[in-house]
Amino acid sequence: MGGDFFKVWGAALVALTVAVAIGIGINEVTHSDHLDIKAYAVAVPESGETPASAPAEEVLDPVEPLLASADIADGEKAFKRCAACHSVDKGGPNKQGPNLFGVVGNQPGAHDGFSYSDGIKALGGEWTYDRLNTFLAKPKDLVPDTKMNFPGFKSVKDRANMIAFLRAQSDNPVPLPAQ
């Protein structure tokens with residue numbers, strides 16, 4: 001009984017050795033251009049230089065030319081995706097996100113009674129049409145630490161409709177940009 005075990009074990013080792021040898025042989029035959037140095041050169045730019053392979057920043061289509069013809073009703077329909085977390089009624093409640101009444105032209109992080117992320121508080125300035133376009137395209141690109149888990153609106157037309165709807169939710173809507 002003990003002799004059979006060693007025969008099986010020996011046969012397994014021989015089979016394994018043959019398999020490895022065949023693998024090495026096939027690799028040598030099919031990959032004839034082996035590198036002399038087993039490493040990749042990494043180009044390190046001089047200080048102040050931008051690497052040639054750096055990805056280009058994505059440029060958003062401007063929203064301003066579309067605002068005059070934007071459809072507020074379509075923006076209201078699109079807002080249904082936001083309504084679970086935001087309200088737009090004057091004096092309406094904060095939900096998971098702040099009430100957005102009068103947001104266009106207002107300062108980021110300025111709605112009373114809502115705990116904003118540090119990134120929103122640090123933005124400064126105001127919610128211009130261009131800034132809203134950027135934020136609504138991909139919120140985490142403008143404010144990486146935003147608490148908002150919304151992927152954004154891909155279409156510039158959808159963003160224009162949404163901004164037109166938000167603009168209308170104000171006692172004193174910000175004027176549309178001159179064309």
Side-chain angles (χ1 to χ4, degrees), residues 40-179:
Y40 294 98
V42 177
V44 179
E46 296 292 324
S47 63
E49 288 183 24
T50 303
S53 63
E57 248 184 66
E58 183 179 335
V59 178
L60 285 177
D61 291 328
V63 73
E64 288 86 353
L66 301 175
L67 289 173
S69 62
D71 189 332
I72 293 173
D74 283 348
E76 184 175 14
K77 289 177 193 170
F79 185 78
K80 290 180 182 176
R81 293 175 62 185
C82 310
C85 298
H86 296 279
S87 63
V88 289
D89 302 324
K90 183 176 183 176
N94 291 321
K95 295 182 177 181
Q96 187 174 354
N99 178 296
L100 297 178
F101 184 84
V103 71
V104 179
N106 203 352
Q107 295 176 334
H111 186 76
D112 289 334
F114 187 78
S115 176
Y116 290 93
S117 68
D118 290 338
I120 290 283
K121 288 188 240 179
L123 273 179
E126 64 181 43
W127 285 118
T128 62
Y129 294 124
D130 183 52
R131 186 179 259 180
L132 281 167
N133 182 40
T134 301
F135 187 72
L136 290 173
K138 200 168 184 185
K140 290 200 184 278
D141 279 0
L142 183 63
V143 185
D145 77 336
T146 183
K147 298 173 188 175
M148 191 163 93
N149 289 323
F150 180 69
F153 293 97
K154 291 183 182 193
S155 162
V156 67
K157 184 177 179 183
D158 290 343
R159 292 191 302 272
N161 293 339
M162 174 62 76
I163 292 169
F165 171 72
L166 290 173
R167 176 185 173 270
Q169 310 310 307
S170 172
D171 287 333
N172 191 13
V174 174
L176 290 173
Q179 296 298 319

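Lys147 contributes atom NZ, which lies 3.5 Å from atom OG of Ser115 (distance to the nearest 0.5 angstrom). Taken to the nearest 0.5 Å, the CZ atom of Arg167 stands 4.5 Å off from the OH atom of Tyr129. Between the CG atom of Asn133 and the OG1 atom of Thr128 there is a distance of 9.0 Å, given to the nearest 0.5 Å. With rounding to the nearest 0.5 Å, the separation of CG in Asp118 from OG1 in Thr146 is 11.5 Å. Taking OG of Ser69 as the start and CG of Leu176 as the end, the distance is 10.0 Å to the nearest 0.5 Å. Between the CG atom in Leu142 and the CG atom in Leu123 there is a gap of 5.0 Å [rounded to 0.5 Å].
Using a 4.5 Å heavy-atom cutoff, the side chains of Glu126 and Val174 are not in contact. Contact check for Phe135 versus Ile120: side-chain heavy atoms found under the 4.5 Å cut-off. Side-chain contact between Trp127 and Leu166 is absent, with no heavy-atom pair separated by less than 4.5 Å. Two residues are said to be in side-chain contact when any heavy atoms from C-beta on lie closer than 4.5 Å; Tyr116 and His111 meet this criterion. Considering only heavy atoms from C-beta on, Ser170 stays 4.5 Å or farther from Val104 through its side chain.
Of all non-hydrogen atoms in Gly152 and Arg81, the two that sit nearest each other are O-NH2, 4.0 Å. The two residues Leu67 and Pro177 make their nearest non-hydrogen contact at CD1-CD, 4.0 Å. Closest of all the heavy-atom pairs between Leu136 and Phe150 is O-CE2, 4.5 Å. In this structure, Pro108 and Arg131 approach most closely via the heavy-atom pair CG-NH1, 3.5 Å. Summarising the geometry of Ala160 relative to Ala70, their closest heavy-atom pair is O-CB, 3.6 Å, with the distance given to 0.1 Å.
Remark: Lys157 NZ is loosely packed, at most 12 non-hydrogen atoms of other residues, nucleotides or ligands lying under 6.0 Å away. No more than 12 heavy atoms of other residues, nucleotides or ligands lie within 6.0 Å of NZ in Lys90, so this atom counts as exposed by the packing criterion.
Arg159 places a side-chain N or O within 3.5 Å of a backbone atom of Phe153 that can act as its donor or acceptor partner. Remark: the backbone N or O of Ile72 is not paired with any side-chain donor or acceptor of Asn161 at under 3.5 angstrom. Within the 3.5 Å criterion, the main-chain N or O of Pro151 finds no donor-acceptor partner in the side chain of Lys140. A donor-acceptor pair under 3.5 Å is formed between the side chain of His86 and the backbone N or O of Pro98. With hydrogens and angles disregarded, no donor-acceptor distance shorter than 3.5 Å links the side chain of Ser87 to the backbone of Asp89.
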Hey, mind stepping through Asp171 and Phe101 against side chain to side chain contact (heavy atoms under 4.5 Å, CB included) and telling me if it holds? CA-CA 9 Å; Asp171 287 333; Phe101 184 84; 3.7 Å; yes

